[in-house]
Every structure is written in structure tokens, then in C-alpha cells.
Chemist: 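Let me begin by handing over the structure; questions about it come next.
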Amino acid sequence: VQLQASGGGLVQAGGSLRLSCAASGFSLDDFALAWFRQAPGKERQGVSLMSRGGSTLYADSVKGRFTISRDSAENTLYLQMNSLKPDDTAVYYCAREGARANSVSSYFRGRRFGYWGQGTLVTVSS
């Protein structure tokens with residue numbers, strides 16, 4: 001199981017970025033998936049979740065600005081981020097539901113995520 005996140009970068013407030021998470025070793029359609037973020041000095045927090053059935057959930061702080069989606073053919077998860085704010089600055093991680101040995105899990109909306117990509121840095125300047 002591997003998750004490879006990309007697409008981070010430096011953007012001005014009000015701008016947009018699209019993060020990608022290429023998955024291998026499993027099918028995205030078979031698991032709940034999520035994006036988390038961790039700002040400097042803060043705990044990792046859930047940003048958005050997509051269930052196996054395709055339903056989506058968002059943290060209140062990003063609702064209406066971020067959109068999670070997946071491409072089953074490409075086995076890739078996306079996070080479209082619009083109207084970015086300096087408070088969105090963080091390392092963003094994609095994650096797969098499940099418990100993994102020797103891995104720290106995080107919870108979002110009652111689901112446990114233990115499979116992680118390496119993270120991609122998003123910096124929003126004011």
C-alpha cells in the first residue's frame with residue numbers, strides 16, 4: 001500500500017491549488033479516503049473525507065472552498081482548494097482508512113486512518 005501526494009506549493013491568498021494522491025497496492029474504490037493537514041506547532045486535523053460510496057464530508061473551516069474527488073481509472077484522490085487563506089498553510093496528507101502496524105492513526109468523523117502518504121506543503125501568503 002502506497003500513497004504519493006503532490007501538488008503543494010506557494011500561492012497568494014485567494015488563489016487555488018489542486019492536490020493529488022496517487023494510490024498503489026489497493027483500489028481507492030474499496031476504502032474510505034481522507035485529506036488531513038498539520039500546521040506548524042499544531043496537531044494533525046482532518047480536512048475532508050470520501051466514503052467508499054462517494055459521499056463527502058468537510059471540516060467547517062474548509063466547507064464551500066475545498067472539494068475532494070477521486071478518479072477510479074487513475075486510482076488517484078484529489079483535493080481542489082479554492083479561495084485559499086493564510087490559515088490553510090500546512091503540510092497536507094492523504095490517508096486511507098484502516099489500522100496499520102507501526103503507524104500512528106488519526107481519526108476523522110469517527111473513522112480511523114492509518115495509511116499515509118508523505119505529505120505535501122501548502123503555503124498561502126497574505
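Treat the numbers as computed from the prediction; the structure is a model and nothing was measured.
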Chemist: Scan for ring pair (Phe, Tyr, Trp, His ring centres under 6.0 Å) pairs involving residues 48-73, sequence neighbours excluded, and state none if there are none.
Modeler: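 Qualifying pairs, neighbours excluded: none.
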Chemist: I need the full list of salt bridge (Lys or Arg N to Asp or Glu O under 4.0 Å) pairs touching residues 50-62, with sequence neighbours left out, sorted by first then second residue.
Modeler: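 As it turns out, the salt bridge (Lys or Arg N to Asp or Glu O under 4.0 Å) pairs with a partner in residues 50-62, which skip direct neighbours, are D60-K63.
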Chemist: So Q118 and Q4, do their side chains get closer than 4.5 Å, heavy atoms only?
Modeler: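 Sidechains of Q118 and Q4: in contact.
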Chemist: Applying side chain to side chain donor-acceptor pair (under 3.5 Å), can you list everything that pairs with Q80, at least two apart in sequence or on another chain?
Modeler: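 If we apply the side chain to side chain donor-acceptor pair (under 3.5 Å) test to Q80, skipping adjacent residues, the hits are N82.
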Chemist: Starting from V104 and following side-chain heavy-atom contacts under 4.5 Å between hydrophobic residues (I, L, V, M, F, W, Y), which residues can be reached?
Modeler: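 Cluster partners of V104: none, it stands alone.
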Chemist: If I compare all heavy atoms of S125 with all of L10, which pair ends up nearest, and what's the gap?
Modeler: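 Smallest heavy-atom distance, with atoms named: CB-CD1, 4.4 Å.
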Chemist: Restricting to pairs with a member in residues 88-105, which pass salt bridge (Lys or Arg N to Asp or Glu O under 4.0 Å), not counting sequence neighbours?
Modeler: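 Sorted result for residues 88-105: R37-D88, R65-D88, E97-R111.
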Chemist: With D71, which residues qualify under side chain to side chain contact (heavy atoms under 4.5 Å, CB included), at least two apart?
Modeler: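 Counting only residues at least two positions away or on another chain, D71 forms a side chain to side chain contact (heavy atoms under 4.5 Å, CB included) with A73, E74, Y78.
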Chemist: Only distances under 3.5 Å count here; give the side-chain donor-acceptor pairs of residues 17-30 to other protein atoms, sequence neighbours excluded, each with its distance to 0.1 Å.
Modeler:
| from | atom 1 | to | atom 2 | distance (Å) |
| --- | --- | --- | --- | --- |
| S27 | OG | D29 | N | 3.3 |
| D29 | OD1 | S72 | OG | 2.7 |
| D29 | OD2 | S72 | OG | 3.1 |

Chemist: Quick one: name the residues clustered hydrophobically with Y107, using the 4.5 Å side-chain heavy-atom rule over I, L, V, M, F, W, Y, and just say none if it's on its own.
Modeler: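 Other cluster members: none.
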Chemist: Hey, does L79 have a side-chain heavy atom less than 4.5 Å from the side chain of L77?
Modeler: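 No, every pair of side-chain atoms sits at 4.5 Å or beyond.
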Chemist: Do the side chains of F31 and V1 join up, straight or via other hydrophobic residues, at under 4.5 Å, putting them in one cluster?
Modeler: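 In one cluster: yes.
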Chemist: Which residues satisfy the side chain to side chain donor-acceptor pair (under 3.5 Å) test with S6, sequence neighbours excluded?
Modeler: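 Here no residue qualifies.
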Chemist: List, by chain and number, the other hydrophobic cluster members for F113, where Ile, Leu, Val, Met, Phe, Trp and Tyr join if side-chain heavy atoms come within less than 4.5 Å, directly or indirectly.
Modeler: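 Hydrophobic cluster check, F113: joined to F36, L49, L57, V91, Y93, F108, W116, L121.
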Chemist: Side chain to side chain donor-acceptor pair (under 3.5 Å) with S105: which residues, sequence neighbours excluded?
Modeler: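 For S105, the residues satisfying side chain to side chain donor-acceptor pair (under 3.5 Å) (neighbours in sequence not counted) are R112.
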Chemist: Which residues pass the side chain to side chain donor-acceptor pair (under 3.5 Å) test with S106, not counting sequence neighbours?
Modeler: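 By the side chain to side chain donor-acceptor pair (under 3.5 Å) rule, S106 matches R44.
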